[in-house]
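Structure, as structure tokens:
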2 protein chains.
Amino acid sequence: METLRTRTKPPETFAECTRAAVPMIQVLGRISGKWSLYIIMALLRGPMRFSELQRHVEGISQKMLTQTLRELEEDGIVHRTVTPIIPPRVDYELSAMGRELQAPLAAISDWTVRNGERVADARERYAARRNAA
Amino acid sequence: METLRTRTKPPETFAECTRAAVPMIQVLGRISGKWSLYIIMALLRGPMRFSELQRHVEGISQKMLTQTLRELEEDGIVHRTVTPIIPPRVDYELSAMGRELQAPLAAISDWTVRNGERVADARERYAARRNAA
DNA sequence: CAGAATCCTAGCTGATACTG
DNA sequence: CAGTATCAGCTAGGATTCTG
């Protein structure tokens with residue numbers, strides 16, 4: 001399948017673009033939910049219980065933590081282990097696939113670090129132009 | 001500033017995680033809008049006029065094309081050139097910063113290609129488990 | 001402890017109509 | 001051609017309450 005694989009030339013046809021973009025957008029949609037990245041980054045440090053995650057991911061509601069974890073679990077990025085004791089204990093950890101996300105995320109992170117200032121400048125200039133008009 | 005730069009060890013403290021994640025999430029939020037990636041990928045092939053973009057990005061409404069282009073322009077990822085003739089001509093092209101997104105996006109794309117099947121399997125198993133319950 | 005269920009609102013999005 | 005303006009539907013997300 002033709003994709004956006006590392007190479008010098010971008011996709012040529014629209015069909016190529018679409019086939020390359022659709023799964024990427026699905027994944028980005030998942031990992032760019034408001035909280036997914038925070039959870040993944042917390043779990044990169046190691047397995048964690050539900051309540052630990054809630055403490056580590058500042059500001060997340062119980063609903064969104066549950067919901068986001070379910071989505072990540074559904075995609076096989078996060079593993080969920082229930083220990084049926086009272087009170088219940090549930091541990092979350094990244095799957096191998098989830099840990100492999102670190103490199104791609106680092107690539108995006110690097111881009112944001114390299115370009116953060118340029119983005120900020122661009123926004124200022126954009127705002128200035130808007131005000132001039 | 002401490003970030004998620006390419007390295008073997010993930011961020012250690014929550015503060016590190018947050019500082020690394022916040023700008024990344026902003027960027028992902030931008031580029032993972034429903035249409036941004038399609039537009040960026042179309043423009044990776046070269047500059048394009050508004051109407052060309054609309055033809056290349058199948059299904060996008062005129063409103064969302066305008067809106068998404070404005071956001072990408074605001075961030076300095078896309079450059080907009082107006083030629084004041086009648087009828088008006090407006091060309092869009094990726095900035096240097098925008099073109100640099102290709103490598104990070106390729107990294108994510110590679111992940112999706114490598115793991116697409118595993119994600120699909122995980123979803124099936126998840127659905128099967130849900131039905132069993 | 002780890003959630004499920006409910007209610008509610010802001011904002012994204014599409015469809016449509018109009019303009020320099 | 002390349003937009004702007006307006007309206008309406010949907011849903012992501014937060015706050016709150018309840019439970020095994």
Side-chain angles (χ1 to χ4, degrees), chain A residues 21-22 25-39 42-43 47-75 78-93 126 129-133, chain B residues 21-22 25-39 42-43 47-75 78-93 126 129-133:
Chain A
V22 166
I25 282 169
Q26 287 180 350
V27 169
L28 283 175
R30 268 294 153 83
I31 67 180
S32 75
K34 189 169 176 183
W35 299 107
S36 308
L37 227 37
Y38 290 105
I39 293 175
L43 289 178
M48 226 173 273
R49 298 184 58 173
F50 187 87
S51 49
E52 289 181 277
L53 273 170
Q54 195 158 21
R55 274 194 301 278
H56 275 76
V57 182
E58 202 174 355
I60 194 171
S61 66
Q62 175 264 334
K63 175 187 170 182
M64 289 317 295
L65 181 54
T66 301
Q67 187 175 308
T68 309
L69 282 169
R70 288 289 181 283
E71 291 170 1
L72 294 173
E73 188 196 357
E74 184 177 358
D75 284 351
V78 159
H79 282 158
R80 179 170 178 268
T81 313
V82 181
T83 310
I85 56 177
I86 295 182
R89 177 194 177 99
V90 182
D91 289 275
Y92 292 93
E93 62 180 328
Y126 186 87
R129 259 180 292 151
R130 301 286 301 186
N131 289 340
Chain B
V22 166
I25 281 169
Q26 286 179 350
V27 169
L28 283 175
R30 269 292 153 84
I31 66 180
S32 76
K34 190 170 176 183
W35 299 107
S36 308
L37 269 184
Y38 292 105
I39 294 175
L43 289 178
M48 228 172 271
R49 298 184 58 174
F50 186 87
S51 49
E52 291 181 277
L53 273 170
Q54 195 159 21
R55 274 194 302 277
H56 276 77
V57 182
E58 202 175 355
I60 194 170
S61 67
Q62 178 264 353
K63 174 187 169 183
M64 289 316 295
L65 180 55
T66 302
Q67 187 175 307
T68 308
L69 282 169
R70 288 290 181 282
E71 291 171 1
L72 294 173
E73 189 197 356
E74 183 177 359
D75 284 350
V78 160
H79 281 158
R80 179 170 178 269
T81 313
V82 181
T83 309
I85 57 179
I86 295 179
R89 177 194 177 98
V90 182
D91 289 275
Y92 293 92
E93 61 180 328
Y126 186 87
R129 259 179 294 152
R130 301 287 298 187
N131 289 341

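Letters A, B, ... mirror the listed sequences (proteins, then strands); counts begin at 1.
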What is the distance, to the nearest angstrom, from the [atom1] atom on [X] to the [atom2] atom on [N]?
{"X": "B:L65", "N": "C:dA15", "atom1": "CG", "atom2": "C1'", "value": "16 Å"}
{"X": "A:E58", "N": "D:dG14", "atom1": "CD", "atom2": "P", "value": "14 Å"}
{"X": "A:M64", "N": "D:dT16", "atom1": "CE", "atom2": "C1'", "value": "16 Å"}
{"X": "B:Q62", "N": "C:dT19", "atom1": "CD", "atom2": "C1'", "value": "12 Å"}
{"X": "A:M48", "N": "C:dC1", "atom1": "CE", "atom2": "P", "value": "16 Å"}
{"X": "B:Q54", "N": "D:dA2", "atom1": "CD", "atom2": "C1'", "value": "9 Å"}
{"X": "B:I60", "N": "C:dA15", "atom1": "CD1", "atom2": "C1'", "value": "15 Å"}
{"X": "A:L69", "N": "C:dC1", "atom1": "CG", "atom2": "C1'", "value": "14 Å"}

> Does a side-chain heavy-atom distance below 4.5 Å link A:F50 with A:Q62?
Replying inline: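 Touching, per the 4.5 Å side-chain cut-off.
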>> I'd like to check B:Y126 versus A:R70 (side-chain heavy atoms, cut-off strictly below 4.5 Å). Are they in contact?
In response: yes
> Applying the side-chain contact (heavy atoms from CB on, under 4.5 Å) test to B:W35, which of B:L65, B:V57, B:L69, B:L72 qualifies?
Replying inline: B:V57
Below 4.0 Å: OP1/OP2 of [N] and any side-chain N or O of [X]:
{"X": "B:R49", "N": "D:dA2", "answer": "yes"}
{"X": "A:Y92", "N": "C:dG3", "answer": "yes"}
{"X": "A:R70", "N": "C:dG3", "answer": "yes"}
{"X": "A:T66", "N": "C:dG3", "answer": "no"}

>> Does A:R55 form a side chain to side chain contact (heavy atoms under 4.5 Å, CB included) with A:M48? I'd like the steps, not just the answer.
In response: CA-CA 10 Å; A:R55 274 194 301 278; A:M48 226 173 273; over 6 Å; no
Picking from [options], which would you name as closest to the side chain of [X]?
{"X": "A:P88", "options": "C:dT13, C:dA2, D:dG3", "result": "C:dA2"}
{"X": "B:S51", "options": "C:dG3, D:dG3, D:dC1", "result": "D:dC1"}
{"X": "A:K34", "options": "D:dG13, D:dG3, C:dG3", "result": "D:dG13"}
{"X": "B:V90", "options": "D:dG3, D:dA15, C:dG3", "result": "D:dG3"}

> Around atom CD1 of B:I85, are there more than 12 heavy atoms of other residues, nucleotides or ligands at under 6.0 Å?
Replying inline: yes
>> By nearest heavy atom, map B:K63 and B:F50 onto DNA chain D; which one lands nearer the 5' end?
In response: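 It is B:F50 whose nearest nucleotide is closer to the 5' end.
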>> I'd like to know if A:Q67 reaches the base of C:dA4 with its side chain such that a donor and an acceptor end up less than 3.5 angstrom apart.
In response: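 Check fails, no donor-acceptor contact within cut-off.
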